[in-house]
Amino acid sequence: MELDRLNSSSFSSHPVTHLRLKNLSGIAQISEDHVSRIGLGLSLRRGPVDEGWVPRESELEQGIAGAFSGKQMKGKTLFKEELELWVALVLRVQNPSSYSDWRRVMVAHWERGVEELSEISSREGDWVRTLQACLQG
């Protein structure tokens, strides 16, 4: 796999993931790429992501996510200078076999993690409690 190619790729999310990123970055007062990396870590901690995994809209999100387009994020923005670390973490739980498989796996982990982070945030109520719950999980 060519790391440079993955790093220069543009990743696109489902609209509900974009909604969640906006909401979480507002609550935390951090950028969407920071929220995205927290999400990646949460998802990788859970293990492999199924090939057909897609985000599920909660009842509160239904109808709202349609106002958003998918989030576009460059690999350089998502992974920063840590692409090798993210690749190693993925390889602990999955073994993508091609460039397109790597893209699919990275997007699925990104979105699954953001979904989990959003669920934790809804349950915990504030960002400090949300982060504490992430560390305990």
Side-chain angles (χ1 to χ4, degrees):
M1 178 194 60
E2 297 177 41
L3 292 179
D4 289 337
R5 189 173 175 199
L6 196 58
N7 214 25
S8 63
S9 292
S10 183
F11 297 93
S12 181
S13 77
H14 187 280
V16 74
T17 300
H18 194 181
L19 169 65
R20 291 169 178 158
L21 285 168
K22 288 273 186 217
N23 181 47
L24 290 165
S25 68
I27 291 168
Q29 294 298 298
I30 59 175
S31 68
E32 292 175 13
D33 56 305
H34 287 99
V35 172
S36 295
R37 285 190 291 284
I38 294 169
L40 272 172
L42 286 173
S43 179
L44 288 165
R45 176 176 71 179
R46 288 177 53 191
V49 65
D50 293 333
E51 187 169 332
W53 189 92
V54 292
R56 299 174 321 267
E57 289 184 31
S58 71
E59 285 185 34
L60 294 173
E61 294 167 332
Q62 289 177 355
I64 299 172
F68 286 80
S69 60
K71 173 69 178 179
Q72 301 293 316
M73 192 174 293
K74 287 279 197 188
K76 290 177 185 176
T77 303
L78 181 58
F79 306 120
K80 292 293 183 201
E81 303 297 322
E82 303 162 343
L83 179 59
E84 293 86 356
L85 172 65
W86 292 111
V87 166
L89 290 170
V90 167
L91 288 172
R92 289 181 52 100
V93 298
Q94 293 189 251
N95 193 17
S97 59
S98 66
Y99 170 73
S100 61
D101 202 22
W102 271 100
R103 287 179 49 81
R104 179 195 59 78
V105 166
M106 290 298 198
V107 169
H109 277 295
W110 171 36
E111 293 193 290
R112 184 175 76 169
V114 170
E115 179 172 285
E116 182 178 354
L117 187 57
S118 184
E119 290 167 356
I120 294 168
S121 177
S122 292
R123 191 174 58 242
E124 295 300 327
D126 73 31
W127 189 245
V128 172
R129 287 188 178 104
T130 297
L131 288 180
Q132 185 176 23
C134 289
L135 292 172
Q136 294 171 349

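Along the sequence shown, residues carry numbers from 1.
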Task: Minimum side-chain heavy-atom gap Q29-W127 below 4.5 Å - done: no
Open item on the list: Donor-acceptor check, side chain of S43 to backbone of G39, threshold 3.5 angstrom: yes or no?
Closed with: no
TODO: Could you tell me which non-hydrogen atom of L6 sits nearest to which non-hydrogen atom of L83, and how far apart they are?
DONE: CD2-CD1, 4.1 Å
TODO: Check whether any side-chain N or O of Q94 sits under 3.5 Å from a backbone N or O of V49 as a donor-acceptor pair, and report yes or no.
DONE: yes
Open item on the list: Let me check something: do L131 and V128 share a hydrophobic cluster, defined by ILVMFWY side-chain heavy atoms less than 4.5 Å apart, either directly or through other members?
Closed with: no
- [ ] Report yes or no: does R20 contribute a side-chain atom to a donor-acceptor pair with the main-chain N or O of E61 at less than 3.5 Å?
- [x] no
- [ ] State, to 0.1 Å, how close L21 and K71 come at their nearest heavy-atom pair, and which atoms those are.
- [x] CD1-CG, 3.9 Å
Open item on the list: Working to the nearest 0.5 angstrom, can you tell me the gap between I30 CD1 and S36 OG?
Closed with: 9.0 Å
Open item on the list: Using every non-hydrogen atom in the two residues, find where S10 and Q72 come nearest and quote the distance to one decimal.
Closed with: OG-OE1, 3.6 Å
Task: Carboxylate-amine/guanidinium contact E119 R56, below 4.0 Å - done: yes
- [ ] Kindly say whether G70 contributes a backbone atom to a donor-acceptor pair with the side chain of S12 at under 3.5 angstrom?
- [x] no
Open item on the list: Within a 6.0 Å radius of atom CZ on R45, are there more than 12 heavy atoms belonging to other residues, nucleotides or ligands?
Closed with: yes
Task: Hydrophobic cluster identity match, L91 and L44, side-chain contacts under 4.5 Å - done: yes
- [ ] Find the distance between CD (Q136) and CZ (R129) and round it off to the nearest 0.5 Å.
- [x] 12.0 Å
Open item on the list: To the nearest 0.5 Å, what is the distance between CD on E82 and CG on L89?
Closed with: 10.0 Å
Task: For K80 against N7, the heavy-atom pair lying closest together - done: O-OD1, 4.3 Å
Open item on the list: Rounded at 0.5 Å granularity, tell me how far CZ in F79 sits from CG in L3.
Closed with: 10.0 Å
- [ ] Keeping the roles fixed (side chain from R112, backbone from P55), state whether a donor-acceptor pair exists under 3.5 Å.
- [x] no
Task: Min side-chain heavy-atom separation E115-L42 under 4.5 Å - done: no
- [ ] Taking all heavy atoms of V87 and all of W102, pick out the closest pair and write down the distance.
- [x] CG1-CH2, 3.6 Å
Open item on the list: Determine whether a donor-acceptor pair (N or O, by modelled atom type, separation under 3.5 Å) exists between the side chain of H18 and the backbone of S69.
Closed with: yes
Open item on the list: So, taking the atom named CG in L78 and the one named CE in M106, what distance separates them when rounded to the nearest 0.5 Å?
Closed with: 8.0 Å
Open item on the list: Please tell me whether V107 and V54 are part of a single hydrophobic cluster in this structure, the criterion being side-chain heavy atoms less than 4.5 Å apart.
Closed with: no
Open item on the list: I'd like to know if the side chain of T17 pairs up with that of H14 as donor and acceptor (distance under 3.5 Å, no hydrogens or angles considered).
Closed with: no
TODO: Indicate, with yes or no, if W86 and W53 share a hydrophobic cluster defined by side-chain heavy-atom contacts under 4.5 Å among Ile, Leu, Val, Met, Phe, Trp and Tyr.
DONE: no
Task: Shortest non-hydrogen separation from C134 to L117 and the atoms involved - done: SG-CD1, 3.6 Å
- [ ] Would you give the length of the straight line joining atom OG of S9 to atom CE of M73, rounded to the nearest 0.5 angstrom?
- [x] 14.0 Å
Open item on the list: Among residues at least two apart in sequence or on other chains, which ones pass side-chain hydrogen bond (donor to acceptor under 3.5 Å, both in side chains) with E116?
Closed with: none
Open item on the list: Considering only residues two or more places apart or on different chains, which pairs with a residue in residues 89-102 satisfy salt bridge (charged side-chain N to carboxylate O under 4.0 Å, His left out)?
Closed with: D101-R104
